[in-house]
Amino acid sequence: MSAAELDRAVTLLVRQVGHWQQPRWSAKADGGNVSRADLVHKLVQEIANLAADVAGEPRREVPRLPSDLALPDQLRVVAADLTLAAPPDQILATAAEAVTRTRAAL
């Protein structure tokens, strides 16, 4: 797994949701009982945790911004942070799988 593959997975998800307005974010995710926004925020937190672990920093809570429209940007930022931390391939694979799994659930 490479950083380019993680970037591709993130790009595909952002293309899928980047144009959504608030009602689509508030809708329930497929087969779940949480909103699409909650699901993507959970993904953002998961990737932020991976980046913190790789960088040897403490995990921090990713703030839930007032507008769910910011979630694609938050995802891009934490994915970039992870890539900059130069993680091993297995960590990149874990992150890409989480992105792909979330994308499928939306």
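Owing to the predicted nature of the structure, the values given are computational and were not obtained by experimental measurement.
Minimum heavy-atom separation, A105 to L39: CB-CD2, 3.6 Å. Here the closest heavy-atom approach between residue A85 and residue A51 is recorded as CB-O, 4.3 Å. In this structure, K28 and R36 approach most closely via the heavy-atom pair O-NE, 4.0 Å.
To the nearest 0.5 angstrom, T94 atom OG1 is 9.5 Å from L82 atom CG. Interatomic distance, E57 CD to N49 CG, rounded to the nearest 0.5 Å: 12.0 Å. One finds the CG atom of D53 at 7.5 Å from the CD1 atom of I91 (value rounded to the nearest 0.5 Å). With rounding to the nearest 0.5 Å, the separation of NZ in K42 from OG in S35 is 12.5 Å.
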Pairs under 3.5 angstrom only: tabulate donor-acceptor contacts from the side chains of residues 8-21 to other protein residues two or more places apart or in another chain.
{"unit_1": "T11", "atom_1": "OG1", "unit_2": "D7", "atom_2": "O", "d": "2.9"}
{"unit_1": "Q16", "atom_1": "OE1", "unit_2": "R103", "atom_2": "NE", "d": "3.0"}
{"unit_1": "W20", "atom_1": "NE1", "unit_2": "Q16", "atom_2": "O", "d": "3.2"}

Donor-acceptor pairs are to be reported for all side-chain atoms of residues 62-74 against protein atoms at under 3.5 Å, with residues two or more places apart or in another chain.
{"unit_1": "R64", "atom_1": "NE", "unit_2": "D68", "atom_2": "OD1", "d": "3.4"}
{"unit_1": "R64", "atom_1": "NH1", "unit_2": "D38", "atom_2": "OD1", "d": "2.8"}
{"unit_1": "R64", "atom_1": "NH2", "unit_2": "D38", "atom_2": "OD1", "d": "3.4"}
{"unit_1": "R64", "atom_1": "NH2", "unit_2": "D68", "atom_2": "OD1", "d": "3.1"}
{"unit_1": "S67", "atom_1": "OG", "unit_2": "L69", "atom_2": "N", "d": "3.2"}
{"unit_1": "D68", "atom_1": "OD2", "unit_2": "Q22", "atom_2": "NE2", "d": "2.7"}
{"unit_1": "D73", "atom_1": "OD1", "unit_2": "R76", "atom_2": "NH1", "d": "2.7"}
{"unit_1": "Q74", "atom_1": "NE2", "unit_2": "P63", "atom_2": "O", "d": "3.0"}

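With respect to L106, the side-chain contact (heavy atoms from CB on, under 4.5 Å) criterion is satisfied by exactly one of D30, L43, V40: V40.
Checked by atom type and distance alone, the side chain of Q45 pairs as donor or acceptor with a backbone atom of R60 at under 3.5 Å. The main-chain N or O of S2 is found under 3.5 Å from a side-chain atom of E5 such that the two form a donor-acceptor pair.
Both V54 and L6 belong to a single network of hydrophobic side chains, linked directly or stepwise wherever heavy atoms of I, L, V, M, F, W or Y lie under 4.5 Å apart.
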